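All values reported here derive from a predicted model rather than from experimental measurement. Below, all heavy atoms of this structure are taken into account, side chains as well, without hydrogens, waters or symmetry copies. Chain letters run A, B, ... following the sequence lines, proteins first and then strands; every chain starts at 1.
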There are 2 protein chains.
Amino acid sequence: MRDVAQAAGVSVSAVSVVLNKKEGARIGADARVRIHDAIARLGYRPNAMAKDLVTGQSRFIGLVADAIASTPFAGQIIHGAQDEAWKHGFVLLVANTEGNQDAEHEAIAMLLEHKVRGVLYSTWYHREVEVPEGLDESDCVLVNCYAAADLPAVVPDEIAGGRDATQLLIDQGHRRIGFINTTTPSPAHDGRLRGYREALAAAGIDLDPALVVEARPEQEGGYDAAALLLDQGVTGIFCHNDRVAMGLYDGLRDRGLKVPGDISVVGFDNQEVIAAHLRPPLSTVALPHYELGVAGVRVLLGLDAPASDGRVLVGCPPVERASIARPAVVPAGDPG
Amino acid sequence: MRDVAQAAGVSVSAVSVVLNKKEGARIGADARVRIHDAIARLGYRPNAMAKDLVTGQSRFIGLVADAIASTPFAGQIIHGAQDEAWKHGFVLLVANTEGNQDAEHEAIAMLLEHKVRGVLYSTWYHREVEVPEGLDESDCVLVNCYAAADLPAVVPDEIAGGRDATQLLIDQGHRRIGFINTTTPSPAHDGRLRGYREALAAAGIDLDPALVVEARPEQEGGYDAAALLLDQGVTGIFCHNDRVAMGLYDGLRDRGLKVPGDISVVGFDNQEVIAAHLRPPLSTVALPHYELGVAGVRVLLGLDAPASDGRVLVGCPPVERASIARPAVVPAGDPG
DNA sequence: ATGAAAGCGCTAACAC
DNA sequence: GTGTTAGCGCTTTCAT
């Protein structure tokens with residue numbers, strides 16, 4: 001920078017002013033030109049760290065994730081956070097902890113030492129977390145998780161998602177709708193179930209407890225659950241996630257049943273590799289990971305405000321594909 | 001830091017020395033204790049940027065990716081790079097460009113301004129890239145891609161991978177082995193084909209051109225390819241990737257054929273969500289994204305050296321599951 | 001309108 | 001052994 005000033009025949013402060021496009025003090029047009037010229041000629045790059053040092057604040061936003069890679073989803077959170085941060089001139093500092101306590105501690109220390117503007121603490125599946133100490137030394141927002149501590153938390157709206165998924169089936173005339181929930185206790189388990197109930201209630205359909213079963217949230221779980229639900233005479237099935245739906249497809253096929261001709265299926269997550277390419281393509285409801293990341297930095301930056309309970313709910317938009325049709329067996333009393 | 005020094009009754013340099021665990025100049029044991037005490041009491045955190053500023057080098061490694069989220073894979077590269085960087089005291093600065101030229105330029109400028117130790121330029125699928133200008137101002141290594149410019153490039157060993165995948169089938173006695181390659185021109189297309197040929201040649205099997213077909217690298221492509229290969233009387237099929245294999249499973253089943261009873265199948269990529277949960281679980285060969293990330297920072301840091309051609313090939317380890325069996329039809333002349 | 005100078009928090013000579 | 005001091009590259013009063 002000194003070199004630039006020298007080459008342009010001005011002082012360093014003049015260069016600084018020009019670089020930061022200050023409004024107040026204007027620089028002579030000629031000097032300004034000479035400065036830009038010198039910058040280009042010398043290939044000068046400002047030193048971000050020196051700048052941050054003097055201003056006392058960096059342009060970093062820290063993101064600590066518990067499992068960057070174990071799932072295709074985490075990438076989306078990073079992506080969304082990165083995009084939004086970038087939009088406001090911030091850069092993402094990524095720290096992966098793989099659930100390791102020490103790594104987490106170290107990561108947070110590192111972020112703090114870099115004087116990050118704030119940190120996003122995220123998990124790969126929606127759950128309650130215990131906030132590691134140290135995080136309180138900086139602004140912090142929880143992404144895809146929440147804590148007893150009153151930190152702002154950005155989470156998917158599981159209830160509305162469950163409601164919408166069920167509604168997809170109801171809209172096509174289904175009334176005996178099965179639900180393969182997960183065996184794992186979680187906000188997803190409770191929220192989607194509640195959404196399922198709400199949708200049923202709103203449509204005036206009595207809840208039949210025999211229609212909701214639980215299975216491991218994987219293909220294998222869905223495959224095994226097929227038999228249970230078929231015995232109950234369901235015409236449509238809402239699966240806890242797309243992987244379960246994938247397994248269900250297999251289970252149905254092995255019993256000679258066609259989707260959606262014989263049974264309609266709706267998933268959850270909108271896991272692209274699966275949902276979009278199953279035969280038939282799976283109608284589902286999307287887990288908004290990208291948006292979670294975006295919303296996370298927005299509340300961190302004070303652009304969005306959480307509700308009074310500290311939560312910001314991000315919607316799970318339905319994605320209609322081809323796994324839902326009107327039920328083959330018209331319910332009694334319904335002329336069709 | 002001054003406060004700490006004052007509280008401990010020593011000078012700032014003493015604190016600095018203690019913090020950096022210098023070997024040469026030792027500090028009195030009592031002073032050291034007082035310093036640590038003061039640090040804890042004051043909740044002092046060193047300012048990483050001030051440190052980097054004076055030493056002239058930061059502990060950052062930049063990672064620019066063309067598509068962080070479009071694929072489950074990118075996350076693995078980030079993860080590997082992050083872990084390895086962390087291990088050596090570096091932090092990852094992540095920049096996503098989504099293939100956008102301007103974003104890329106801006107991202108690189110930003111990384112350079114932060115005086116990164118070097119940058120990893122990565123792509124989500126293995127391909128040739130044009131290196132954006134500016135990257136030469138810093139150490140740079142290509143990850144999962146390569147360029148005409150002589151930059152070190154860390155890439156998967158497609159040939160060996162194709163060879164190993166084919167060998168999995170050969171080992172079980174298959175001799176009429178089909179290959180569903182991708183329609184997309186790419187190192188994967190050429191490398192896996194070459195590996196397939198090499199494995200066949202090594203086993204003394206003549207190449208039958210009718211046995212290699214091309215299809216879109218998705219479920220749909222695999223489904224459609226089933227018919228073509230079945231007509232050729234193959235007993236085993238090597239698929240360009242797991243998604244193709246997934247489609248192939250469907251195609252085979254629709255024709256009443258069982259995997260691996262009637263036809264053995266091997267995939268490529270080891271895309272967890274799919275490969276591990278298909279019925280039967282898919283034997284495949286893994287695309288080593290995590291290792292690619294690790295290797296990237298290792299060569300960047302000078303820990304590993306590329307071959308004379310600037311490449312470092314990362315192996316694609318076979319992952320055996322349950323989609324391969326001995327062929328039902330024993331080839332003529334083979335008593336076993 | 002522009003330059004001089006102080007200082008951000010830290011490290012690294014160099015004295016003592 | 002331990003304290004003093006001079007910057008690292010930049011922003012920002014404050015003079016001019």
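- Comparing atom distances between the I27(A) side chain and each of dG3(C), dT2(C), dT2(D) picks out dT2(C) as nearest.
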- Task: Apply side-chain hydrogen bond (donor to acceptor under 3.5 Å, both in side chains) to Q101(B) and H105(B), showing your working.
- Result: CA-CA 6 Å; Q101(B) 288 272 331; H105(B) 209 79; over 6 Å; no

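- Remark: Y44(B), R45(B), P46(B), N47(B), A50(B), K51(B), V54(B) in residues 36-54 of chain B come within less than 4.0 Å of DNA chain C through at least one heavy atom.
- Using modelled atom types, one side-chain atom of R34(B) and one backbone atom of A8(B) make a donor-acceptor pair closer than 3.5 Å.
- Salt bridge status for R117(A) with D52(A): absent, with no side-chain N to carboxylate O gap under 4.0 Å.
- The interatomic distance linking D3(B) (CG) with dC8(C) (P) rounds to 11 Å, in whole Å.
- In this structure, K21(A) places its NZ atom 12 Å from P of dT11(D), rounding to the nearest Å.
- Aromatic ring centres of Y125(B) and H289(B) lie farther apart than the 6.0 Å criterion allows.
- Remark: D37(B) engages R41(B) in a salt bridge (charged side-chain N to carboxylate O under 4.0 Å, His left out) (not counting sequence neighbours).
- Judged by closest nucleotide on DNA chain C, G9(A) is the one of G9(A) and V15(B) placed further toward the 5' end.
- Each of M1(A) and A14(B) was assigned the nucleotide of DNA chain D with the nearest heavy atom; the assignment lying further toward the 5' end belongs to A14(B).
- Note: NE2 (H114(A)) to C1' (dC10(C)) measures 14 Å, nearest angstrom.
- Following rounding to the nearest Å, Q57(B) (CD) and dC8(D) (C1') show an atom-to-atom distance of 13 Å.
- Ring to ring, Y44(A) and H36(A) are not that close: their centroids are 6.0 angstrom or more apart.
- In this structure, I35(B) places its CD1 atom 14 Å from P of dG1(D), rounding to the nearest Å.
- As rounded to whole Å, 13 Å separates atom P of dA1(C) from atom CG of D30(A).
- At a cut-off of 3.5 Å, with distance as the only test, no side-chain donor of N144(B) or H126(B) sits close to an acceptor on the other residue.
- R32(A) has its CZ atom 11 Å from the P atom of dA1(C), to the nearest Å.
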Pairs under 3.5 Å (N/O, protein and nucleotides 4-6 of chain C):
| unit_1 | atom_1 | unit_2 | atom_2 | d |
| --- | --- | --- | --- | --- |
| dA4(C) | N6 | S13(A) | OG | 3.2 |

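- The cationic atom of R311(B) (NZ for Lys, CZ for Arg) lies less than 6.0 Å from the six-membered ring centre of Y146(B) and within 45° of the ring axis.
- In summary, K51(A) and E113(B) do not engage in a salt bridge, as defined by a charged side-chain N under 4.0 Å from a carboxylate O.
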